[in-house]
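Take a look at the structure below.
Side chains are part of it too, since the values below use all heavy atoms of this structure and drop only hydrogens, waters and symmetry mates. Since this is a predicted model, take the numbers as computed values, not measurements. Here is the naming used below: chain letters follow the sequence lines, and residue numbers restart at 1 for every chain.
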Amino acid sequence: MIRFEHVHKRYPNGKDALRGISFSLERGEMAFLTGPSGAGKSTLLKLITLIEKPSRGTVLVNNQNTSRVSRRRIPRFRQRIGVVFQDHKLLYDRSVFDNVALPLVIGGLGPREIARRVRAALDQVGLLGRERHAPITLSTGEQQRVGIARAVASRPDVVVADEPTGNLDPELSLEIMRLFERFNEVGVTMLIATHDLDLISRMSHRRLRIVDGQVAADVPAGEAGHDWEAGD
Amino acid sequence: MLVIAIALALPAGLRVIVNNVGSVSGSWQGAADFSVYLAEDVGDERAAALADEIRARDDVADVTLIDREQALADFRARSGFGAALDALEHNPLPHTLVVRPAGGASGSVEALAQALSADPAVHLVQLDTEWVARLRAILELTSRVVDVVTVLLGLGVVLVIGNTIRLEINNRSVEIEVMKLVGGSDGFIRRPFLYLGFWYGLGGALVAALLIAAALALLRSPAAALAALYGSDFRLAGLSASQAALLLGGGALLGWAGAGLATARHLRAIEPR
Ligand SMILES: Nc1ncnc2c1ncn2[C@@H]1O[C@H](COP(=O)(O)OP(=O)(O)O)[C@@H](O)[C@H]1O
Ligand SMILES: [Mg+2]
């Protein structure tokens, strides 16, 4: 589903954010991307969503080489990826319904199908009945669930999340992670960047640890973490 | 919006003024009486017959015969040259026909004058329409100037609306970024801004039409009073239906174009980071 081959990323200012990353994530897999701040987690996710392109190496998403996606085709490409952000990135002048509907409107669905899918997505995140509310009237955890509903509403093959629980207390964080697990159970490929080791130690999923732009560890699902994984 | 309205109202208003002056000068030319001086040896009967003959023409509305004796008497009474005239042995004035052309589309006054002067009984046709021709030329020039002003102000409207849309794009950069992140195409993101430009242009044109209507309403009664002084039934004309449609359509089109330019230039710069 996602495959990195010797990927380097150098920003225009000369900073080498990724230095030879290789890994692959199978369809239907769920993995955490960990590592200290500044390690390159966000950069890695930006290469998947085509916000950035690799300086060297190959990024394949759905067997598509992102370097070969023209500017004009980027929107289509992104429509097949769900993205969740730390700061939600909701549109605050629109209702919860309209926020979740946005990718569906962009996808050109009819109003009835949109309404059906928005309700289904809001139901899955436990916010059915709040569709007419303004996002600003919801709690941070609820806003993040709206963001997740938007990410999954168009039923993408893969969802990536960058520090989705960064602003939440441990209890709400676990709730959000459980939500991701449930989407993964129905077949959605999940890649979640987080530095909350406490949280992911309570779940058994693959962990890809990045340090200084390189893969420092790739721990398969079900295996215990190592001591040196801590200390971020 | 008001800036847009004024930029649109100016050329449209000037156009209305030019049209009105044009129709006034047209009616003047149509109604311009002119004098036909007959040869000195033309007698009373021949003069009356000629008057009837000319009156029967299609392009003539009326003919008044001014008898040479009567003309002399009038002149004597009005000019104060009575004594000098008494010294003359005979009446120096010829019979005169005052011809009122029929006007309208058919009647070229010049052609009529030419036809009349061909008659050997006619000594001189005094056509006093040169100033009308000059006014025509000035109007023609003014009309060209209005064309240029229209183009320039139209360009101004495109820039003003383009700038408004640019500010709107900056205000909504977060929204645009989010739309791009979830896969919104350039066309999708562009559309609401194009509609916005369209409505700005149409709204501005509508206000411009109202401004012109208000200005004409203010001018209508003084213009009618002035026309009455000159015995004319002239009425100020406003925008015709097709001119109003052109104004509204043009405004909307300019707004669309301004938004098109602004989005083409500024939407690309907003990319998710
Ligand atoms: N747009 C950018 N331009 C220049 N340097 C950047 C940019 N984005 C990130 N970096 C740098 O690249 C490194 C990796 O950043 P990032 O991918 O955000 O790490 P993480 O998400 O793991 O904290 C950091 O040193 C950061 O300062
Ligand atoms: Mg980061």
Any chance you could measure A/R150, atom CZ, to B/L181, atom CG, to the nearest 0.5 Å? 8.0 Å
B/E271 atom CD: more than 12 heavy-atom contacts under 6.0 Å: yes
Residue A/R132 excluded, over 12 heavy atoms near CZ under 6.0 Å: yes
Is the number of heavy atoms from other residues, nucleotides or ligands within 6.0 Å of CZ (A/R56) greater than 12? no
Contacting region of B/R268 [heavy-atom separation from chain A under 4.5 Å]: both
Residue part contacting chain B, namely of A/K89, when any heavy atom lies under 4.5 Å: both
Any residues in residues 143-163 of chain B near chain A, with a heavy-atom distance under 4.5 Å, and which are they? none
A/R80 portion near chain B, given a 4.5 angstrom heavy-atom threshold: neither
For chain B, which of A/E52, A/Q79, A/R72 has the most heavy-atom pairs under 4.5 Å? A/Q79
Can you tell me if A/R3 has over 12 outside heavy atoms packed within less than 6.0 Å of its CZ? no
Part of B/E175 lying under 4.5 Å from any heavy atom of chain A: both
Quick one: do A/Y92 and B/V174 satisfy side-chain contact (heavy atoms from CB on, under 4.5 Å)? Show the steps, please. CA-CA 10 Å; A/Y92 287 96; B/V174 174; over 6 Å; no
Minimal heavy-atom distance between A/L102 and B/M179, with the atoms involved, is CD2-CG, 4.2 Å
For the NZ atom of B/K180 and the CD1 atom of A/I74, what is their distance to the nearest 0.5 Å? 9.5 Å
For the CG atom on B/N171, are there more than 12 heavy atoms of other groups (residues, nucleotides or ligands in this structure) within a distance under 6.0 Å? yes
